[in-house]
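Counting from 1, the numbers follow the sequence of the chain as shown.
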Amino acid sequence: MADYLAVDVGGTEIKYGVISSDGHLKESQKQPTPDNLRAFTQLIQSLIDHYHEQVSGYAFSVPGKIDTKTETISFGGALTYLDGVCMPKALETYGKGLSVQNDGKAAALAELWLGNLKGIDNGVAMILGTGVGGGIILDGQLRLGPHFQAGEFSFMSSDYSADDYACAGFTNSAVGMVKRINRTLGSDNIGDGKAAFAAIHAGNKQAVSIFEAYCQAIANQILSIQGILDVKRFVIGGGISAQTILIDEINRQFKALITSNPILDVNMPKDIEIMATRFGNDANLYGALYHFLQKQKANDDELLETTKKLIDNMGVSISFLV
């Protein structure tokens, strides 16, 4: 059973681990994410240098739009210095394969492979963090799109021409919701998620009001996506998804939206499922590896087909000569 180095590049930390091809995470660690490209490249190269003798390839999950044909990053999300970086050209890989996938799509792939989208031909992963990332599974396959941009839910809005336009990446940000609660509570650490949810669980009226409004916004977004894609299941990821109350409240708000509107109540399917992801914060590691394995299989299949054609052509040539 081959092992691989999987790396999840986040805005604040880089998580990495050794995972077997059957999905067993053997070890994992993390380091702070560097604030410049040179330091980033040095860190990633040091990981490859350390693990290259024990792994068969390298699988990356990174922010930004990813050209999965060339392994090139565009924009880079919060890590703008990654814009234009072609990972295979930037690193010494010791002759081993390397793949790169967008972090939201990697999370969807993890759930498709071994998580809560396994066996679901049509589903959506929504990853709630600084923005709203994710991935779309249609007919059992991850939808990339011709511009590698499918599943970028942060760009959604009900009015793009409004003077106060704010896309879902801002309005539906889990980080933003936590900060709003902590500001209301007068907390010194506005990014403290534990404090925010402690206030919600304690029934603080202001915290609960902000939380319920947030869950309603996510339910609205799910409803919009469902109206276009018609899927069976939504899985909610990101650190916030570990809070059971979040999934419960999103479900409650989603049902309330449907039952409050006669048209939706008649037309919207009643069997749509909304649940948490299985892998939580480790999803990107698993998804990065599954993307690598899928790409490796596609390359092997292409090589096999090319070899068969060459053999067939050789047979024709020999027959002609005889």
Side-chain angles (χ1 to χ4, degrees), residues 6 8-9 23 59-77 87 99-129 131-157 160 167-169 172 218-238 241 254 268-269 271-279 283-299 301-302:
D8 175 24
V9 178
F60 288 84
S61 161
V62 302
K65 184 170 71 172
I66 312 301
D67 184 331
T68 54
K69 296 177 181 178
T70 64
E71 319 295 357
T72 300
I73 305 167
S74 295
F75 308 118
M87 295 287 278
S99 70
V100 187
Q101 183 56 279
N102 166 266
D103 47 11
K105 292 180 178 64
L109 284 171
E111 296 301 312
L112 177 65
W113 183 25
L114 297 170
N116 287 337
L117 288 178
K118 185 176 182 179
I120 301 296
D121 287 339
N122 298 284
V124 168
M126 292 180 68
I127 311 304
L128 308 180
V132 186
I136 300 167
I137 306 299
L138 296 178
D139 298 324
Q141 299 293 321
L142 177 71
R143 172 67 178 171
L144 293 176
H147 307 99
F148 306 100
Q149 212 162 0
E152 293 292 346
F153 303 127
S154 280
F155 298 146
M156 294 177 66
S157 174
Y160 291 93
C167 64
N172 293 2
I218 298 300
N220 270 298
Q221 193 170 15
I222 290 174
L223 190 56
S224 294
I225 296 169
Q226 176 63 21
I228 297 170
L229 297 179
D230 184 21
V231 300
K232 174 69 175 177
R233 180 180 294 173
F234 288 80
V235 293
I236 310 297
S241 66
F254 185 76
M268 192 60 60
D271 61 347
I272 301 167
E273 300 172 312
I274 302 172
M275 62 180 64
T277 55
R278 175 186 173 187
F279 289 108
N284 293 355
L285 295 176
Y286 286 92
L289 175 57
Y290 188 51
H291 171 68
F292 180 96
L293 296 175
Q294 284 186 313
K295 190 162 188 177
Q296 186 179 57
K297 182 180 184 302
N299 290 339
D301 289 346
E302 183 178 353

Partner residues of Q141 under the side-chain contact (heavy atoms from CB on, under 4.5 Å) criterion, sequence neighbours left out:
none
With sequence neighbours left out, write down each residue that passes ring-ring contact (aromatic ring centres under 6.0 Å, His included) with F234, or none if nothing qualifies.
none
Counting N and O atoms only, with roles assigned by atom type, does the side chain of Q101 sit under 3.5 Å from a partner on the main chain of V62, one being a donor and the other an acceptor?
no
Could you walk me through whether R278 and V235 satisfy the side-chain contact (heavy atoms from CB on, under 4.5 Å) test, starting with their C-alpha distance in whole Å, then the side-chain angles of each, then the deciding distance to 0.1 Å, before giving a yes or no?
CA-CA 9 Å; R278 175 186 173 187; V235 293; over 6 Å; no
Under the salt bridge (charged side-chain N to carboxylate O under 4.0 Å, His left out) test, which residues partner D8, sequence neighbours left out?
K15
Taking side-chain contact (heavy atoms from CB on, under 4.5 Å) as the definition, give me every residue that meets it alongside D121, ordered by chain and number, with sequence neighbours left out.
none
Of all heavy-atom pairs between A59 and F292, which one has the smallest distance, and what is that distance?
CB-CB, 3.9 Å
So among T72, V100, D103, which one has a side-chain contact (heavy atoms from CB on, under 4.5 Å) with I66?
V100
Between L128 and S241, does a side-chain contact (heavy atoms from CB on, under 4.5 Å) hold up when you go through it step by step?
CA-CA 8 Å; L128 308 180; S241 66; over 6 Å; no
Under the side-chain contact (heavy atoms from CB on, under 4.5 Å) rule, collect the residues that match up with D139, sequence neighbours excluded.
N122
Taking salt bridge (charged side-chain N to carboxylate O under 4.0 Å, His left out) as the test, write out the residues that go with R233, two or more places apart.
E273
Applying side chain to side chain donor-acceptor pair (under 3.5 Å), name anything that partners E152, two or more places apart in sequence or on another chain.
none
Just to verify, what does F279 make a ring-ring contact (aromatic ring centres under 6.0 Å, His included) with, not counting sequence neighbours?
Y286
Using only atom types and a distance under 3.5 Å, with no angle test, would you say the side chain of N102 pairs donor to acceptor with the backbone of G64?
yes
Just jot down the side chain to side chain donor-acceptor pair (under 3.5 Å) partners of T68, sequence neighbours excluded, or say none.
none
How close do C167 and S157 get, counting heavy atoms only, and between which atoms?
CA-CB, 4.4 Å
Using the test side-chain contact (heavy atoms from CB on, under 4.5 Å), find all partners of Q294 that sit at least two apart in sequence or belong to another chain.
L109, Y290
Who pairs with K295 by side chain to side chain donor-acceptor pair (under 3.5 Å), at least two apart in sequence or on another chain?
E71
Non-hydrogen atoms of G133 and S154 that approach each other most closely
N-OG, 4.5 Å
Holding to side chain to side chain donor-acceptor pair (under 3.5 Å), I want the full list of residues that pass it with N172, two or more places apart in sequence or in another chain.
Q221
